[in-house]
Amino acid sequence: MQGVGFRPFVYSLATRLGLSGWVGNDVDGVFAEVEGPAAGVRQFLDALSAEPPPLARVDRVSATSMMPNGGAGFAIAASDSTGRRRALISADSATCGDCLAELADPADRRFGYPFINCTNCGPRFTIITGVPYDRPLTTMAPFAMCAACAAEYHDPANRRFHAQPVCCPACGPRLRLLDAHGTELPGEPLPQAGRLLAAGQVLAVKGLGGYHLAADATSQAAAALRGRKHRADKPFALMVADLAAARKLCELGEAGQALLTSARRPVVLLPRRPGAAVADAVAPGNSELGLMLPYTPLHHLLLRQVAGPIVLTSGNVSDEPIAYRDDDALTRLAGIADAFLTHDRDIHIRTDDSVVRPVREQVSLLRRSRGYAPEPVTVAAGFPRPVLACGAELKNTFCLAQGTRAFVSHHIGDLENFETLRSFTEGIEHFRRLFDIDPEVVAYDLHPDYLSTKHALELTGVDLVGVQHHHAHIASCLADNEEAGRVIGVAFDGTGYGEDGTIWGGEFLIADLTGFERAGHLAAVPMPGGAAAIRQPWRMAAAYLDAAFGGEPPAGLAVQARNADRWPQVVTLAQRGINAPATSSAGRLFDAVAALLGVRDAINYEGQAAIELEQWADPAERGAYPAGLSAGPGPVQVYGTDLVRAAAEDLLAGTPPAAVAARFHGGVAEVIVRGCERLRERSGLATVALSGGVFQNRLLLGLVMDGLAAAGFRVLTHTRVPPNDGGISLGQAVVAAARDRDGRW
């Protein structure tokens with residue numbers, strides 16, 4: 001992998017061992033030739049794996065014996081950019097401890113310099129314009145190194161030996177503070193920025209992969225930002241100065257602490273402490289907070305200017321991609337930000353913050369982006385021909401794959417507007433150039449209206465492979481776990497286009513990478529109003545209650561009273577199937593119960609009702625509602641109506657909503673286990689793969705994992721790509737490769 005200081009490491013190692021030869025970069029990565037005493041060469045080979053630089057990951061070391069040249073000394077060879085590129089590109093990495101020590105040292109020439117970096121940290125993916133990874137092919141190219149930086153860059157004993165973004169106040173990027181009109185404000189930018197935040201103003205801050213919007217998280221500034229950004233309820237991410245500050249807000253645990261302090265520096269979703277000192281507008285009604293620690297020198301310096309946590313959310317208006325070009329940021333964020341803390345180092349590719357959640361001491365990725373991308377997922381079976389997988393419509397990522405490597409892109413977002421679609425197409429071209437992949441096979445979702453699908457179908461000179469949405473989910477989980485199947489796959493999500501033209505989303509599949517059988521599913525119910533039923537969960541409550549009680553739901557349900565003016569018309573739509581497509585979606589079942597309990601009748605962001613329903617659940621409640629399974633041959637049908645009926649009856653009997661929410665989760669988990677047991681009897685399979693956005697639900701995932709393990713199943717979950725639609729592109733890619741190998745299209 002380039003950009004992790006491997007050449008300087010090899011140089012120093014060989015010199016220490018008294019070996020001669022050279023090391024260099026080419027399109028394959030790092031190459032080296034060494035000669036010397038046999039014992040020294042053996043030590044050299046052992047140290048490559050045992051002592052690599054902090055950001056390096058060594059998968060294997062291969063060596064070939066050669067006749068010695070009789071040379072003397074060791075050198076770093078000039079980079080060779082000819083040939084097909086196979087070198088890896090490092091992800092952006094948080095500022096290392098050595099650089100932080102220099103940043104805080106008044107005697108150091110980089111004291112307080114917001115762009116300090118070395119071979120062990122700093123910008124990588126977001127500044128690279130091409131390979132090999134050398135300064136002329138980064139956005140640092142306009143900054144000529146001063147004599148002092150050049151001396152460090154060429155000194156094998158220095159930590160900045162061949163560190164491509166190396167710079168200092170004399171020769172590097174410059175920080176500026178602008179007003180809302182783009183005029184530079186006089187004085188020192190950082191102290192002024194701190195004063196603006198303390199005064200309740202909103203600050204646009206240029207980060208590694210784009211602009212963020214910052215505000216004081218303890219004041220009404222968070223509410224003002226929410227209004228300007230048109231973000232009604234979705235929680236904001238917070239940045240805190242250090243672990244001590246994080247512990248004041250959240251329960252960290254060992255896994256949470258490790259994630260917060262990792263070089264990837266994602267946003268980590270953690271249980272909120274009672275009385276955590278943040279404004280209500282930060283995460284309204286939410287029992288978790290999304291925390292991250294500073295990951296650039298600029299963040300560290302900014303946090304020293306403020307007394308507490310700050311909101312640090314994507315620099316955009318809701319549903320738009322993050323702004324990353326300076327002129328675009330000034331235009332799009334002018335109505336949101338009161339000032340801009342910016343600089344003159346360009347960002348080449350926009351990259352949002354990654355979002356993770358610790359689940360049972362493991363990591364569950366919810367958004368895989370900065371700090372993770374573009375590291376590849378290794379697929380041992382490989383790709384017979386280069387593949388482009390175009391992903392889904394929501395939480396889109398794409399995937400380019402070649403050899404044994406699948407490069408899942410950074411988070412693109414929801415393909416709902418031109419700017420996001422442009423980010424999608426520009427990202428594909430950037431990855432194609434970086435990794436020299438010219439796809440011959442293109443995989444896409446079966447939904448005919450997805451913009452990612454339309455993009456795929458417009459391509460020429462390639463073989464096209466349509467992959468069913470939920471098969472892609474299970475294939476993604478298999479690839480995540482380096483498995484090929486056959487397995488029982490449980491794919492629970494909100495929406496996926498079924499092979500029968502209906503809306504799937506509560507699926508039990510018998511699947512491998514090549515194909516699948518729909519072996520079971522939630523019994524379908526109508527979605528009255530179509531897409532309106534996604535935005536207004538009370539409509540799903542109406543449809544489910546009508547089905548659960550044979551058209552005569554009991555009186556006294558608050559959800560019906562709250563929506564009495566439209567309830568009869570919506571029930572009529574459901575009963576007659578007018579603008580009410582059938583769906584087996586697990587997401588819509590969760591929506592129905594959320595509305596039934598009064599969690600939410602209408603949502604402001606995807607999955608909101610289900611997310612809040614999980615948080616309502618009483619953690620001490622161990623009950624579970626029963627749900628029936630169909631008998632006889634054919635796909636097993638799971639009767640979600642049973643769960644809704646039980647929840648409604650409990651509510652009318654005066655059971656607290658928190659207990660009802662918990663019993664519903666328990667019922668869903670139990671019926672998943674029973675469905676898998678039924679399919680094990682039929683197929684003999686004892687491995688279950690869990691995928692789909694519903695399994696972002698930590699409560700449900702834990703219950704299902706425990707239940708399946710107790711029933712004797714081996715359980716596969718996601719750890720390297722998200723279970724939601726952000727992992728779909730990987731699944732599409734491995735399905736396309738498997739069919740390519742087998743000649744099945």
Side-chain angles (χ1 to χ4, degrees), residues 360 379-381 467-493 496 498-500 504-524 584 586 624 626-640 642 666-692 694-695 700-719 723 727 730-732 734-744:
R360 305 201 167 186
V379 178
V467 182
Q468 198 279 325
H469 189 89
H470 300 96
H471 182 208
H473 268 308
I474 300 305
S476 176
C477 187
L478 290 174
D480 198 333
N481 288 274
E482 301 182 71
E483 302 253 353
R486 296 170 74 230
V487 297
I488 299 169
V490 183
F492 273 28
D493 65 0
E499 290 189 327
D500 59 0
W504 294 4
E507 309 307 309
F508 293 79
L509 310 180
I510 301 297
D512 57 20
L513 295 182
T514 305
F516 75 97
E517 168 199 350
R518 192 188 192 199
H521 55 87
L522 282 172
S584 60
L629 300 175
S630 64
V636 176
Q637 292 204 54
V638 177
Y639 297 118
D642 292 346
V668 174
E670 283 196 3
V671 82
I672 287 174
V673 174
R674 288 173 51 226
C676 290
E677 288 176 322
R678 177 76 63 85
L679 296 180
R680 179 171 59 187
E681 293 171 4
R682 294 184 180 184
S683 66
L685 296 172
T687 298
V688 177
L690 304 176
S691 192
V694 168
F695 288 111
L700 179 68
L701 179 61
L703 291 171
V704 173
M705 291 173 67
D706 287 346
L708 289 171
F713 287 98
R714 187 168 71 101
V715 184
L716 307 179
T717 60
H718 286 270
T719 58
L730 175 62
Q732 292 172 343
V734 294
V735 169
R739 293 180 183 173
D740 200 12
R741 280 193 299 275
D742 293 352
R744 293 175 55 181

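E499 is listed as a side-chain neighbour of W504, based on a closest heavy-atom distance under 4.5 Å. For the pair T717 and F695, the minimum side-chain heavy-atom distance is 4.5 Å or more. For the pair V490/C676, a side-chain contact is recorded, criterion being any heavy-atom separation below 4.5 Å from C-beta on. By the 4.5 Å heavy-atom criterion applied to side chains, R360 and D706 are counted as neighbours. A 4.5 Å side-chain heavy-atom check between V671 and D642 finds every atom pair outside the cut-off.
Here the closest non-hydrogen pair linking R682 and G632 is NH2-O, 2.9 Å. Heavy-atom minimum distance, A669 versus L700: N-CD1, 3.8 Å. In terms of heavy-atom proximity, S630 sits nearest to P635 at OG-O, 3.8 Å. Closest non-hydrogen pair, A711 versus E677, comes out as CB-OE2, 3.5 Å. The two residues V467 and A472 make their nearest non-hydrogen contact at CG1-CB, 3.9 Å. When all heavy atoms of V735 and A475 are compared, the pair lying nearest together is CG2-CB, 3.5 Å.
Side chain of R680 to backbone of I488: no donor-acceptor contact under 3.5 angstrom is found. Judged by distance alone, the side chain of E507 and the main-chain N or O of G505 form a donor-acceptor pair under 3.5 Å. Although no hydrogens or angles enter the test, the distance criterion places a donor-acceptor pair under 3.5 Å between the side chain of R674 and the main chain of A627. Looking at D740, its side chain never comes within 3.5 Å of a backbone N or O of G743 through a donor-acceptor pair. With hydrogens and angles ignored, the 3.5 Å screen pairs no side-chain donor or acceptor of S691 with any backbone N or O of C477. A donor-acceptor pair is defined here as one N or O able to donate and one able to accept, closer than 3.5 Å; no such pair exists between the side chain of E483 and the backbone of G485.
A tilted orientation is assigned to the rings of F516 and H471, their planes being inclined by 30° to 60°. In this pair, H469 and H473 present their aromatic rings perpendicular. The plane angle is above 60°, beyond the 30 to 60° band.
Evaluation of the salt bridge (Lys or Arg N to Asp or Glu O under 4.0 Å) rule for D480 yields R720 as partners, not counting sequence neighbours.
Taken from CD in Q468 to CG in D500, the straight-line distance is 9.0 Å, to the nearest 0.5 Å.
Each of V688, L478, L685 was scored for a side-chain contact (heavy atoms from CB on, under 4.5 Å) with V487, with one residue passing: L478.
Under 3.5 Å, the side chains of S584 and R518 contain a donor-acceptor pair of N or O atoms.
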- Test V638 against R678 for side-chain contact (heavy atoms from CB on, under 4.5 Å), laying out the working first. CA-CA 11 Å; V638 177; R678 177 76 63 85; over 6 Å; no
